[in-house]
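First up is the structure itself, then whatever we jot down about it.
Order of the sequence lines fixes the chain letters, A, B, ..., with proteins taken first and strands second; residue numbering starts at 1 for each chain.
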Amino acid sequence: MKEYIKLIFDEASNKLDYLKEHTFNLEVSKNPDHGDLSCNVAMILSKKLKKKPLEIAAEIISSLDYDNNIISDIKIAGPGFINFYFTNQFTVKVIEDILDKGDSYGKSNLYSGKKANVEYVSANPTGPLTVGHGRNAVVGDTIANILEWVGYTVDREYYFNNAGRQMRVLGDSVKLRYLELLGEKIEFPEDYYQGEYIKDIAQKVKNKYGDSLKKEEPEGIFKQTAEKEIFEEIKTTLTNLNIHHNIFYNEKALYDEGKIDALLNSLKEKNLSYEKDNAIWLKLTELGCEQDKVIVKATGEPTYRLPDIAYHLTKFERGYDLMVDLFGSDHNATYPDVLAGIKAEGKDPEKVKVVIHQFVTIMDKGEIVKMSTRKANYITLDELTNEVGSDVVRYFFNMRNVSTHMNFDLALAKTQSDENPVFYLQYAHARICSILRMIENENIKSSTEHLELLVKDEELQLIKKLRQFGEEIELSAKLFEMNRICNYLEELASLFHKFYTFCRIIGSEKDLAEARISLAIATKTVIKNGLQILGVTAPEKM
RNA sequence: GCGCCCGUAGCUCAAUCGGAUAGAGCAACAGCCUUCUAAGCUGUAGGUUAGUGGUUCGAGUCCACUCGGGCGUACCA
């Protein structure tokens, strides 16, 4: 559709030189009175040409040569918009296209041949995933999905560190609980991991080893068992949401493979690091940041910056064209350092897209629940998924722009989950499936022979919405905004429900009924494909 | 103090990288099931887009400041 407009503009630019620059937008009109597409070129050019937008618009229109079978009218409106009205016979053709492509309708090869890496969740194995991790997990997975829809080959990566201070505390915590189980009197420090799961792990250790580990180092069997158990649980939690990473990258590998030393040497050679107070500093001020930061502490241990930079460099080595990182807003001060480091090593930081999501405020019975893994004050993601189901969790975290400070009312989610818009979409899908079951007994089937009979408002608006699906996917993928897909699907479902109410199938004249069935199937296809991207099921019955 | 994010109907949020009359859902009120699923549809009501100024054909969107909230501001990650 837009392609056609661009085509006739290209032809017209032979007559009007100023059209050659193409710095204008074509937009789908919000208001049906404004046609199908609106163009603002006349207003953009107004200043440059020192002419009134309305005059420019008139001039453009008179030099456009178009096919009357495709465009029915072109009008000037408002301050100088050029509005295009497409013919019904052209509009309905999208149904054939959708039926033809089926499950792959909406996919594009915009980025085919390119490799992308999406890194998400990346929680260290110190405890179960909480509702707070849910947003990161779901949005990351959905971004990975949509990148595949626009042609990328996608790796889904989980980066973790099983060597840091947090993990030491974890080992200490388990050992102490173990000693407690053996009957020793212990003082359990406040800054140790308070959760019940620590006791469960200690119990497992005791069952396996009895009391033989009294002198075992906390970092030995205790920590290893804890890591293994917790990771298993995390993977189960993710599986319950249909999230599967295909790469788990252990920070330790960076040390084992010499990446850390190599980076340190490289930075030193480039004179981008220096020693001060027994620590090694990165000259971030020379890389456009506010202040220099420590990369190796006086103790000899690196800070997180060094491995983070080295880690991202491995992604470049692995040949990705696009690297997406999902972080909570608590990381918003750390990633610029990493990007600066990447740039210092001669890589293009533009290939890294950092998606920062704001925190989810959990409300329960009107109270804000402050989450902390260490303090064991949390609601696990698993509990939530078991309570409301994977579809609701995935939809809920996807439906809001990641930049919003989202409120999650647990009581509402649990007791009134049928108010969730995801059911509205699924219901539309189920209704269509129901019709299709019903017509098996009637003497009607799907046909695109008489699509010209689809002339009612409810029909045409639905068709026009279907037509926007591909563009919506591409825009969502470019902007990394998954909530757009939700918004689109809700609008689509709404138009379908209106169509359903006002345009009967069974009982209508045969040619019309068959055309409407083809429209219903096309709608079903788009809803299903959209839900597929979101990782939400499309039920045949509800 | 400084940096990033946010502030839109009573509540939860949209608004096509500056577009035309700011839209949905929930809650409220009034209607629609002997016909394809009422988890639906129709209608009513609800707004100085936190505030003030600026940029221009045009601002919820961009800029400056103010107010209010979130997250940071480590030789923690």
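The closest donor-acceptor contact from the side chain of Glu472(A) to the backbone of Tyr488(A) lies at 3.5 Å or more, if one exists at all.
Residue Arg431(A) places at least one side-chain N or O under 4.0 Å from the OP1 or OP2 atom of A38(B). Between Lys293(A) and the phosphate of A74(B), there is no side-chain N or O to OP1/OP2 separation shorter than 4.0 Å. Between C75(B) and Lys276(A), no contact under 4.0 Å exists linking OP1 or OP2 to a side-chain N or O. For U42(B), neither phosphate oxygen OP1 nor OP2 lies less than 4.0 angstrom from any side-chain nitrogen or oxygen of Tyr500(A). Residue Ser329(A) places none of its side-chain N or O atoms closer than 4.0 Å to OP1 or OP2 of G70(B). Taking 4.0 angstrom as the limit, Ser434(A) places a side-chain polar atom (N or O) nearer than this to OP1 or OP2 of U37(B). Contact between the side-chain N/O atoms of Lys498(A) and the OP1/OP2 oxygens of U42(B) is found at a separation under 4.0 Å.
For Lys283(A), the NZ atom sits in a packed shell: over 12 heavy atoms of surrounding residues, nucleotides or ligands are nearer than 6.0 Å.
Using a 4.0 Å heavy-atom distance criterion, Pro79(A) is classed as a base contact. Residue Asp277(A) is classed as a base contact, given a heavy-atom separation below 4.0 Å to a base. Here Ala298(A) lies in heavy-atom contact (under 4.0 Å) with a base. Contact annotation for Leu475(A): backbone-only contact, meaning every heavy-atom pair under 4.0 Å involves sugar-phosphate atoms and none involves a base. Ala77(A) comes within 4.0 angstrom of a nucleotide base, judged by non-hydrogen atoms across all strands. Note on Lys30(A): a base of the nucleic acid sits closer than 4.0 angstrom, heavy atoms only. Within the nucleic acid shown, Tyr427(A) comes within 4.0 Å of at least one base atom, counting heavy atoms only. Contacts of Lys478(A) with the nucleic acid, taken as non-hydrogen atoms under 4.0 Å apart, are absent. At the heavy-atom level, Thr361(A) lies nowhere under 4.0 Å from the strands shown. Cys289(A) comes within 4.0 angstrom of no nucleic acid atom, judged by non-hydrogen atoms across all strands. Backbone-only contact: Tyr424(A) has heavy atoms under 4.0 Å from sugar-phosphate atoms and none from a base.
Rounded to an integer number of Å, the gap from CE of Met542(A) to P of A39(B) is 9 Å. Counting to the nearest Å, the C1' atom of A74(B) and the CD1 atom of Ile295(A) are 15 Å from each other. As rounded to whole Å, 10 Å separates atom C1' of G72(B) from atom CD1 of Ile356(A). Between the CZ atom of Arg305(A) and the C1' atom of G72(B) there is a distance of 12 Å, rounded to whole Å. Between Phe396(A) atom CZ and A14(B) atom P the separation is 11 Å, expressed in whole Å. Rounded to a whole Å, the CG atom of Leu170(A) is 15 Å from the C1' atom of A77(B). To the nearest angstrom, C1' of C75(B) lies 13 Å from CZ of Arg165(A).
The base of A20(B) lies close enough to the side chain of Ser38(A) for a donor and an acceptor atom to sit less than 3.5 Å apart. At a cut-off of 3.5 angstrom, the base of G69(B) holds at least one donor-acceptor pair with the side chain of His405(A). Side-chain atoms of Asn83(A) come within donor-acceptor range of the base of A20(B), with a qualifying N/O pair under 3.5 Å.
Atom CD1 of residue Ile76(A) and atom SG of residue Cys39(A) lie 11.5 Å apart, to the nearest 0.5 angstrom.
Annotation: side chain of Ile533(A) is not in contact with side chain of Asn529(A) (no heavy-atom distance under 4.5 Å).
For His497(A) and Tyr427(A), the ring centers are positioned less than 6.0 Å apart. Aromatic ring centroids of Phe160(A) and Phe231(A) lie under 6.0 Å apart. Between Tyr311(A) and Tyr159(A), the distance separating the two ring centers is shorter than 6.0 angstrom.
With RNA chain B read from its 5' end, the first of the two nearest nucleotides for Met399(A) and Trp281(A) is the one closest to Met399(A). Where Arg437(A) and Val28(A) each meet RNA chain B at their nearest nucleotide, the meeting point lying more 5' is that of Val28(A).
Relative to the side chain of Asn332(A), the nucleotides C75(B), U16(B), C71(B) differ in distance, and C71(B) lies closest. The side chain of Thr501(A) sits closest to C41(B) out of G72(B), C75(B), C41(B). For Phe423(A), the side-chain atoms get nearest to A39(B) when compared with the rest of A39(B), U37(B), G19(B). For Ser403(A), the side-chain atoms get nearest to C5(B) when compared with the rest of A14(B), U37(B), C5(B). Residue His497(A) has its side chain nearest to G40(B) when only G19(B), G40(B), C75(B) are considered. Side chain of Ile505(A), nearest nucleotide from C36(B), G19(B), U21(B): C36(B). Among the nucleotides C76(B), U37(B), G19(B), the one closest to the side chain of Thr303(A) is C76(B). Side-chain atoms of Arg504(A) lie closest to U35(B) of the nucleotides C76(B), U21(B), U35(B).
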### Query
Where do Glu514(A) and Lys510(A) land on the salt bridge (Lys or Arg N to Asp or Glu O under 4.0 Å) test, with the steps shown first?
CA-CA 6 Å; Glu514(A) 296 193 337; Lys510(A) 188 161 183 285; 3.2 Å; yes
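Centre separation under 5.5 Å together with a plane angle under 30° holds for the ring of His34(A) and the six-membered base ring of A20(B), marking them as stacked.
Across G69(B) and C62(B), the matching P atoms stand 22 Å from one another, rounded to whole Å. For the P atom pair drawn from U42(B) and U61(B), the interatomic distance equals 31 Å after rounding to whole Å.
C41(B) is paired with G31(B) under the criterion used here, namely a Watson-Crick or G-U wobble arrangement in which both key atom distances are under 3.5 Å.
The cationic group of Lys75(A) lies under 6.0 Å from the six-membered ring centre of Tyr85(A) and within 45° of the ring axis, placing it in a cation-pi geometry.
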